[in-house]
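Residue numbers start at 1 and run along the sequence shown.
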Amino acid sequence: MHALELAGMIWGIELNMEPPPGEPRNMGLMISPFIKSVVTIPVIAEGRIEPQEGDKAIAEGKADFIGMGRGLLADPRLPEKAVTGRLERIRPCIGCGRCTDNQLMKGIGVMCSVNPAVGHEASKYQIYRAQKVKRVAVIGGGPAGMEAARVASLRGHRVTLYEKEEKLGGQLNQAVVPPHKSNLAAYLEYLKTQLPIQRVDVRTGVKANIDMIKKLKPDAVVIATGVSMSKPDIPGADKPFVLSARSVLDGKETAVNVAIIGGGLVGCETAEFLQKQGKQVTVIEMLDDIAGKMVYAQKTILEARLKAAGVTILTGTKCKEISDAGVTVKTKSGEVLHIEAGTVVIAVGDRPNNALERELKGIVHELHMVGDCVQPEGIAEAVAAGYHAALSL
Ligand SMILES: Cc1cc2nc3c(=O)[nH]c(=O)nc-3n(C[C@H](O)[C@H](O)[C@H](O)COP(=O)(O)OP(=O)(O)OC[C@H]3O[C@@H](n4cnc5c(N)ncnc54)[C@H](O)[C@@H]3O)c2cc1C
Ligand code: SF4
């Protein structure tokens, strides 16, 4: 044996090959000082170790080498950027596990949620300089819009990004709030930081509309306007104590007893967020499974945490009515139950915010739609769509 490699992972959970998002960073460094004190061969520490932390650990004699896997998928130029001190340009891995899930569970090869070029490095996925410089308007400052603006600007286009809110980020601003989601904060910060570096003209607090675009006459428009919440077709859904999951994550107060309608990723993470605040939470999901679209290993961890925290989960159950006393639901077997709730949180029904596309069709010569405004999916899909739209400009 020539060296020892210490990979940080969670034992006891099938197919979880790496520390998932909620687990502490720098896992290998927790044990490497002890291992180093009892062996004479080199020790390689791993487990989402940041370059600065790795550097410090080597200087302090806690490890001989730092091993990286996912960090290099997210940004293959990480070592070069770290060595030249350009840390703010390193695109961080969000720990989502899509890369390993794709390979191990689906057998469809490597990918990366934040780096659409992974696996296609030698192909047209490369960022080449544009032959003709265009004036590009990007509408929406979520991950899809920010990635489109970043890549379009890198290609030499003159890019202005319009965001109707005062801050950039779109749904990422709520996605970072639940427990175990802090990894996303570093990625959000990365995206925001790249815009001034790439000289994107960012206009926040500006809601783009047809008149504005007609006046600006850009050569190309990228629409990245995300989703709008629509009230589900349930009697009582317009009552004042019915809130959206996003407004709750933005800080809206809830009663102690909360019923969440929708047990997808957003519903489950909002449940964990509220339960941590001491609320009594019931999740009502029409399907037979919760968080069905999540990466398998992370879904099992989230389910286990919700169970341990005492969140009540009703699957195969449909919400029939919202009343002042709570919600009435019908189970798969036909049983009708009443769940007491002072607040009802809606975590279903986001629909693509695509009104601008209909208005701008025929007015703008080159029009692209990217991200959730086409089809609500996730970060990987939004970022990839923004990247490809920018490559095609
Ligand atoms: C709580 C929560 C947790 C999530 N967790 C995950 C996760 O773990 N993994 C994952 O893959 N996905 C997750 N998602 C989903 C993910 O955040 C979205 O898929 C992604 O943000 C979509 O990006 P987007 O840029 O297309 O849209 P958005 O992020 O919705 O951004 C659209 C932006 O456009 C702006 N806008 C709209 N209209 C206009 C206009 N006329 N003019 C100017 N600006 C406008 C909006 O204000 C918004 O900032 C989560 C979502 C939520 C709510
Ligand atoms: S897919 Fe997710 S976990 Fe894998 S390298 Fe990319 S960001 Fe990291």
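Shown here is Glu60, whose CD atom has more than 12 heavy atoms of other residues, nucleotides or ligands within 6.0 Å. Counting heavy-atom neighbours within 6.0 Å of Glu121 CD, excluding the residue itself, gives a total above 12. Counting heavy atoms of neighbouring residues, nucleotides and ligands inside a 6.0 Å radius, atom CZ of Arg158 does not exceed 12 of them. Around atom CE of Met229, more than 12 heavy atoms belonging to other residues, nucleotides or ligands sit under 6.0 Å away. Residue-environment remark: CZ (Phe241) exceeds the threshold of 12 foreign heavy atoms within 6.0 Å.
The two residues Val281 and Ala271 make their nearest non-hydrogen contact at CG1-CB, 3.8 Å. The two atoms that bring Thr315 and Leu287 nearest to each other are CB-O, 3.4 Å, heavy atoms only. In terms of heavy-atom proximity, Tyr190 sits nearest to Pro92 at CB-CD, 3.6 Å. Among all heavy-atom pairs drawn from Ala152 and Val159, the shortest one is CB-CG2, 3.7 Å. Nearest heavy atom pair, residue Leu154 against residue Arg129, reads O-NH1, 3.6 Å. Across every non-hydrogen atom of Leu302 and Cys268, the tightest pair is CD2-CB, 3.7 Å.
Between the CG atom in Leu356 and the CG atom in Asn209 there is a gap of 7.5 Å [rounded to 0.5 Å]. Note: Ile284 CD1 to Lys318 NZ = 13.5 Å, rounded to the nearest 0.5 Å. Rounding to the nearest 0.5 Å places CG of Asp289 at 10.0 Å from CD1 of Ile313. Atom CG of residue Leu161 and atom OG of residue Ser153 lie 10.5 Å apart, to the nearest 0.5 angstrom. To the nearest 0.5 Å, atom NZ of residue Lys132 and atom CG of residue Asp219 are 5.0 Å apart.
A salt bridge links Lys299 to Glu303: one of the charged nitrogens lies within less than 4.0 Å of a carboxylate oxygen. In summary, Lys231 and Asp238 do not engage in a salt bridge, as defined by a charged side-chain N under 4.0 Å from a carboxylate O. A salt bridge between Glu381 and Arg98 is present, with a side-chain N of the basic residue lying under 4.0 Å from a carboxylate O of the acidic one. A salt bridge links Lys36 with Asp64: at least one charged nitrogen is closer than 4.0 Å to a carboxylate oxygen.
Residues Ile66 and Met68 form a side-chain contact, since some pair of their non-hydrogen atoms from C-beta on lies under 4.5 Å apart. No side-chain heavy atom of Lys215 sits less than 4.5 Å from a side-chain heavy atom of Asp211. Between Asn173 and Glu165 there is no side-chain heavy-atom pair separated by less than 4.5 Å. Taking the side chain as every heavy atom from C-beta outward, Glu147 and Arg150 approach each other to under 4.5 Å. Within the 4.5 Å cutoff, side-chain heavy atoms of Leu360 are placed close to those of Ile210. At least one side-chain heavy atom of Leu274 sits under 4.5 Å from a side-chain heavy atom of Val248. Val311 has its side chain out of reach of Glu272: every pair of non-hydrogen atoms, C-beta onward, lies at least 4.5 Å apart. Looking at heavy atoms from C-beta onward, Arg246 lies in side-chain contact with Val227 at the 4.5 angstrom threshold.
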Which donor-acceptor pairs under 3.5 Å do side chains of residues 362-375 form with protein atoms, sequence neighbours excluded?
from   : atom 1 : to     : atom 2 : distance (Å)
Glu366 : OE1    : Lys134 : NZ     : 2.8
Glu366 : OE2    : His368 : NE2    : 3.1
Asp372 : OD1    : Glu377 : N      : 3.0
Asp372 : OD2    : Gln171 : NE2    : 3.0

Let me have the donor-acceptor pairs involving side chains of residues 336-345, under 3.5 Å, with sequence neighbours excluded, atom names and distances please.
from   : atom 1 : to     : atom 2 : distance (Å)
His338 : ND1    : Val327 : O      : 3.3
Thr343 : OG1    : Ala255 : N      : 2.7

Check residues 384-393 and write down every donor-acceptor pair under 3.5 Å in which the side-chain atom is one partner and the other belongs to a residue at least two apart or another chain.
from   : atom 1 : to     : atom 2 : distance (Å)
Tyr387 : OH     : Tyr125 : O      : 2.4
Ser392 : OG     : Ala389 : O      : 2.8

* How far apart are the C-alpha atoms of Asp288 and Lys332, what are their side-chain angles, what is the distance that settles it, and do they pass the salt bridge (charged side-chain N to carboxylate O under 4.0 Å, His left out) test? -> CA-CA 9 Å; Asp288 291 336; Lys332 218 175 177 181; 2.8 Å; yes

* **Test side chain to side chain contact (heavy atoms under 4.5 Å, CB included) applied to Ile261 and Ile322, step by step** => CA-CA 10 Å; Ile261 301 176; Ile322 301 170; 4.1 Å; yes

* Would you check, one step at a time, whether the test salt bridge (charged side-chain N to carboxylate O under 4.0 Å, His left out) holds for Asp201 with Arg203? => CA-CA 7 Å; Asp201 181 2; Arg203 312 273 176 95; 2.7 Å; yes

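Note on Val383 and Leu195: same hydrophobic cluster, where clusters join Ile, Leu, Val, Met, Phe, Trp and Tyr whose side-chain heavy atoms are under 4.5 Å apart, directly or indirectly. Under a hydrophobic-cluster definition in which Ile, Leu, Val, Met, Phe, Trp and Tyr are linked whenever side-chain heavy atoms come within less than 4.5 Å, directly or via other members, Val114 and Leu78 are assigned to different clusters. Linking Ile, Leu, Val, Met, Phe, Trp and Tyr residues whenever their side-chain heavy atoms come within less than 4.5 Å leaves Leu191 and Val151 in two separate clusters. A chain of hydrophobic side-chain contacts below 4.5 Å, direct or via other Ile, Leu, Val, Met, Phe, Trp or Tyr residues, connects Val43 to Ile31. Taken together through direct or relayed side-chain contacts under 4.5 Å among Ile, Leu, Val, Met, Phe, Trp and Tyr, Ile58 and Ile90 form part of one hydrophobic cluster.
Between Arg86 and Thr84, the side chains place a donor N or O and an acceptor N or O closer than 3.5 Å (distance only, hydrogens not considered).
Of the residues listed (Leu188, Val202, Val200), the one engaging Met146 in a side-chain contact (heavy atoms from CB on, under 4.5 Å) is Leu188, and it is the only one.
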